[in-house]
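Heads up: the structure comes next, in structure tokens.
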Amino acid sequence: MIKEYKTIREVVGPLMLVEGVEGVKYDELVEVEQDNGEIRSGKVLEVNGDKALVQLFEGSSGLKISTAKARFLGKGIELAVSEDMLGRVFDGMGRPKDGGAPIIPKMRININGQPINPVARDYPDEFIQTGVSAIDGLNTLVRGQKLPVFSASGLPHAELAAQIARQAKVLGSGSKFAVVFAAIGITFEEADYFITDFRKTGAIDRAVLFMNLANDPAIERISTPRMALTAAEYLAFECDMHVLVIMTDITNYCEALREVSAARKEVPGRRGYPGYLYTNLATIYERAGRIRGKKGSITQIPILTMPEEDKTHPIPDLTGYITEGQIILSRELHKRGVVPPIDVLPSLSRLKDKGIGEGKTRKDHADTMNQLFSAYARGKEAKELAAILGDAALSAADKKFAFFADKFEKKYVSQGFNKNRSIEETLNLGWELLKLLPRGELKRIRDAYLEEFYDK
């Protein structure tokens, strides 16, 4: 039963206090109606006795609490879902934003989702081809994984996100693939770039876009990733699709959490973020995965800009604990014109070994990956030594490794944002580069593969 109250006592920022309430639950939806018929919505943040603290989505400016009525709707925020969502653009609260008709729902799902039973989880072990060599060849993405991209302000993470959204696919399976894209607190220009890119390349036909702009209420920002993941869960576990969820920018989400926490006068944790930031991020990231007996899966690529390019900042730090690795973008490579500027040495995919090898990519993948890492690391060391002591200090082998490191960055890592390389092309390119080094230096590749691929 819907209950109505005229006992709104206080408004502070996006928060509103309603007194004398009964039977109100945490996370319940609230409508606030003014005298002129204008309705704002919010949700219950906290219940204490007969008092309810409500968080307003549209903000509180211009709200006359003396005449306003609060209605508690007895349910949480729900998203209307159907397969017709594919190809559509929604705002951060799940309302159509592309001028199209509202979705006729097959079902309505609470956006907080149902936790996946750990016993029902299936192990991620299927390769996803992104078409980006630095990811596919060296930090492989696996179906059901969560692999964040750590970027910084001014680096081209938006272009990389659009490229992955366009190109990603599961190899060798006839199953349907969809992309759910959540833009959290981004500028109008960025949002326009994504929508235009998706439409121009036709990627929008298999994508669902949720757009929360920088000038939208901060409160809406907290719901946007949950809206996207709810759509993803429906497409994955009800429609048997492989769903890739790309979320940018998680930093804006965390800033919105901090803003609400400050308005609630909570005791701040590290750098002013709430103490529950870790738990809150986990409720988003842990919605990735595969479930036994279900054909679909959810793979996540959250993108976050590290404040002050600091990996120890709470947002990248906690994200690294919850997720299975990270792809790191480098300002130094960006300045040198490497596109995309992925720094492969500190990047890591903890599940890469599970998604590669015979029957998945190619039998030589693991060996060549290890050898490329090793040779690139040695080449970078040689270049650093040459910068201090001069080229004369390098041995003949060191000079070859330094030359290899340059070629590796220019040919392998730098492929542009429009080149879609198959895993075969990526692996063959790896061998092409390894042939720049003497055979005796390739100690991480077994002889059988050297005979088959190096000696050709």
Problem set entry | No-hydrogen, no-angle side-chain donor-acceptor test under 3.5 Å, T230 and R287 | yes
Exercise. Of all heavy-atom pairs between Y412 and L433, which one has the smallest distance, and what is that distance?
Worked result: CB-CD1, 3.7 Å
Problem set entry | Residue R264 excluded, over 12 heavy atoms near CZ under 6.0 Å | yes
Exercise. With a distance cut-off below 6.0 Å to the six-membered ring centre and an angular limit of 45° from the axis, does R258 pair with Y273 as a cation-pi contact?
Worked result: yes
Exercise. Quick check: are there more than 12 heavy atoms from other residues, nucleotides or ligands sitting under 6.0 Å from CD of E424?
Worked result: yes
Exercise. Is atom OH of Y276 surrounded by more than 12 heavy atoms (other residues, nucleotides or ligands) closer than 6.0 Å?
Worked result: yes
Problem set entry | Pairwise side-chain contact, T426 with T361, heavy-atom cut-off 4.5 Å (strictly under) | no
Exercise. So, R292 versus N117: side-chain donor-acceptor pair below 3.5 Å or not?
Worked result: no
Exercise. Between N252 and I184, is there a donor-acceptor pair closer than 3.5 Å when you use the side chain of the first and the backbone of the second?
Worked result: yes
For this session: Show the numbers, then the answer: is there a side chain to side chain contact (heavy atoms under 4.5 Å, CB included) between M241 and E83?
Result: CA-CA 10 Å; M241 292 186 175; E83 277 194 71; 3.7 Å; yes
Problem set entry | Evaluation steps, salt bridge (charged side-chain N to carboxylate O under 4.0 Å, His left out), between R95 and E220 | CA-CA 12 Å; R95 296 172 293 234; E220 194 177 290; 3.7 Å; yes
For this session: Could you check K360, R290, K295, K169 and say which one makes a salt bridge (Lys or Arg N to Asp or Glu O under 4.0 Å) with E126?
Result: R290
Exercise. Counting heavy atoms not belonging to E22, are there more than 12 under 6.0 Å from its CD?
Worked result: no
Exercise. Taking atom types as modelled and ignoring hydrogens, do the side chains of E409 and Y376 form a donor-acceptor contact shorter than 3.5 angstrom?
Worked result: yes
